[in-house]
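Report on one structure; see the data block that follows.
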Amino acid sequence: MIDLRSDTVTKPTKEMRQAAFEAEVGDDVYGEDPSVNQLEALAAEKLGKEAALFVTSGTQGNQLAVLAHCKPSDEVIMEDNAHVFVYEGAAMSALAGIQPRTIKGERGAMNPEEVEAAIRPEDIHFPETGLICLENTHNKAGGTILPLENMKEIKDIAQKHQIPVHLDGARLFNASVATGIPVHEYAAYTDTVQFCLSKGLGAPVGSILAGPKEFIDRARKWRKRLGGGLRQAGMVAAPGIYALNHMIDRLAEDHYNAKVLAEGLGDISGIEVEGQVETNMVLLNVKNLGLTSEQFIQKLESQGVLAVPYGPYTIRFVTHNGISQEDVQTALSKIQQAI
Ligand SMILES: Cc1ncc(COP(=O)(O)O)c(CN[C@H](C(=O)O)[C@H](C)O)c1O
């Protein structure tokens, strides 16, 4: 099987398994797991934030951010197809009593003026805007990169209105490798950041939530309340340390493979590649084949290629550490056969 469903399917490298085996551990609820502490310190330093918290998933990191930033009844501004709005089971409403307020973005980037217009003025009738959420890269838009200028403009507006900004940076390192802009420069236009160790960086488990120390202390307490207190978690933190030290630059290979895949798909009649490939995702439209995305995915699976639907006629392919250049060529010939 050539698994192009997501970069979440990456398996740990043998070096990560060795790091897990050798990891020094302790009880992380008491703050005594040396590997978790090392990972959190390394991540905070890379992002230029005061502190960081090792969490079980990107969803947990995002939802802890909402819980630690907001109070029940707050409104949170986010892009219309943001992961926190589409793919987290309405957690912010269910767990934090939040009202989401969405703005349609352009390739994932919200218009700063529309963000400012969505901020609620003081009025006994209105909810209070408690947080602005950004996403970089933007998943549903096809792994697109939020321009630094866009993030800066939104942060300036947020600052003016004294509203925090959280970045869902599940694939922030993909944006950084694609643009050459260090992650701490993106993070400078946020109050808090979540990024995934378990996606393109290849670790088996986990994400990082980073921000001011007092915020991270609150998020840690929320994680404990939700039963997320970790014990000898060094065994899964150690692969994350390896990922941050050795798996960032290679993301460029995933970006290259995505571009090669998109170019090959563009040569297949009836298939239309949506937008430009900016990182490790390719969106394609199969409407001209007279098939729905679900129907085409079934045909692909029978040929040994896995993908996910991203709309009635849109399919998403994601390249990652488990996909080689040869896999891309094989996938292209199998996709051709599936038609
Ligand atoms: C931008 C962004 N933020 C957060 C998350 C959540 O991460 P996890 O909870 O899956 O670790 C994801 C995962 N994205 C997954 C994928 O792309 O296959 C699925 C859709 O949930 C994400 O893409």
Side-chain angles (χ1 to χ4, degrees), residues 3-12 43 53-67 76 78-92 94-95 100 102 105 107-110 131 133-146 151 166-176 178 183 186 190 192-210 219 223 226 228 230 233 236-237 239-240 243 251 254 258 277-283 293 297 306-311 314-323:
D3 197 343
L4 293 165
R5 290 175 296 175
S6 178
D7 44 7
T8 59
V9 304
T10 48
K11 292 192 170 59
L53 178 64
F54 180 46
V55 292
T56 57
S57 67
T59 300
Q60 189 181 69
N62 287 334
Q63 294 307 320
L64 291 177
V66 172
L67 286 160
V76 175
M78 67 205 72
E79 201 275 331
D80 197 40
N81 278 312
H83 193 275
V84 286
F85 185 61
V86 179
Y87 288 107
E88 300 188 13
M92 64 175 67
L95 303 179
T102 62
R107 294 180 63 71
M110 293 186 283
L131 182 66
C133 258
L134 303 178
E135 184 173 317
N136 198 6
T137 65
H138 194 286
N139 182 353
K140 204 97 172 81
T144 52
I145 299 163
L146 247 55
M151 292 184 65
H166 172 67
L167 174 66
D168 175 356
R171 296 182 181 85
L172 182 60
F173 285 92
N174 290 83
S176 174
V183 289
Y186 285 109
T190 73
T192 57
V193 188
Q194 179 278 127
F195 72 82
C196 292
L197 294 159
S198 62
K199 292 189 171 60
L201 295 180
V205 171
S207 279
I208 289 286
L209 174 62
R223 187 188 68 173
L226 294 172
L230 302 173
V236 285
L251 291 171
D254 299 341
V277 171
E278 295 186 26
T279 54
N280 67 328
M281 292 185 190
V282 181
L283 298 184
S293 52
I297 281 170
L306 299 180
V308 294
Y310 250 39
T314 302
I315 287 171
R316 181 189 75 168
F317 289 133
V318 184
T319 54
H320 52 82
N321 193 35
I323 299 294

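Residue numbers count from 1 along this sequence. Just follow the structure's listing: the first ligand is 1, and inside any ligand the first atom is 1.
Considering backbone and side-chain atoms alike, Q194 places every N or O at 3.5 Å or more from each N or O of ligand 1. Taking any N or O of G58, backbone or side chain, at least one lies under 3.5 Å from an N or O belonging to ligand 1. Taking any N or O of Y310, backbone or side chain, none lies under 3.5 Å from an N or O belonging to ligand 1. Where the criterion is an N or O separation shorter than 3.5 Å, residue side chain and backbone included, T59 meets it with respect to ligand 1. The shortest N/O to N/O separation between E135 and ligand 1 does not fall below 3.5 Å. Residue-to-ligand polar distances place S6 within reach of ligand 1: an N/O pair is separated by less than 3.5 Å. Residue contacts with ligand 1: H83 is placed with a nitrogen or oxygen under 3.5 Å of a nitrogen or oxygen of the ligand (distance criterion only). Note: no N/O pair closer than 3.5 Å links S198 and ligand 1 by distance alone.
Judged by distance alone, the side chains of H83 and E135 never bring a donor and an acceptor atom under 3.5 Å apart. Side-chain contact of T192 with H166: a donor-acceptor pair under 3.5 Å is present, judged by distance alone. Using a 3.5 Å distance cut-off with no hydrogens or angles, the side chains of R316 and N139 do pair a donor with an acceptor. D7 and N280 share a donor-acceptor pair across their side chains, judged by distance under 3.5 Å alone. Checked by atom type, the side-chain pair T144/E278 shows no donor-acceptor distance below 3.5 Å.
The single protein non-hydrogen atom nearest to atom 3 (N) of ligand 1 is D168 OD2, 2.7 Å, given as residue, atom name and distance. In terms of protein heavy-atom proximity, atom 13 (C) of ligand 1 is nearest to K199 CE, 3.1 Å.
In plain terms, the two heavy atoms of F54 and A233 that are nearest each other are CE2-O, 4.3 Å. What you find for L172 and V183 is that their closest heavy atoms are CG-CG1, 3.9 Å. The nearest pair of heavy atoms linking A141 to G108 is CB-N, 3.8 Å. The shortest heavy-atom contact between V282 and V277 is CG2-CG2, 3.9 Å. Nearest approach of A243 to A203, heavy atoms of both residues: CB-CB, 4.4 Å.
Closest heavy-atom approach to atom 2 (C) of ligand 1 within the set G206, S207, A170: this belongs to A170.
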Run the side-chain contact (heavy atoms from CB on, under 4.5 Å) check on M281 and T319 step by step: do they pass?
CA-CA 6 Å; M281 292 185 190; T319 54; over 6 Å; no
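Residue R5 does not touch ligand 1, judged by heavy-atom distances below 4.0 Å. Counting heavy atoms closer than 4.0 Å to ligand 1, residue N62 contributes side-chain atoms (C-beta onward) but none from N, CA, C or O. Contacts of S57 with ligand 1, taken as heavy-atom pairs under 4.0 Å, involve both backbone and side chain.
The shell of residues lying under 4.0 angstrom from ligand 1, judged by heavy atoms, includes R171. The closest approach between R316 and ligand 1 falls below 4.0 Å for a heavy atom of the residue. Taking 4.0 Å as the cut-off, Q60 does not count as a neighbour of ligand 1 on heavy-atom distance. Under a 4.0 Å heavy-atom criterion, T56 is not in contact with ligand 1.
Near N139, meaning under 4.0 Å from any of its heavy atoms, are these atoms of ligand 1: 1 (C), 14 (N), 16 (C), 17 (O), 20 (C), 22 (C), 23 (O).
A donor-acceptor pair is defined here as one N or O able to donate and one able to accept, closer than 3.5 Å; no such pair exists between the side chain of Q63 and the backbone of T59.
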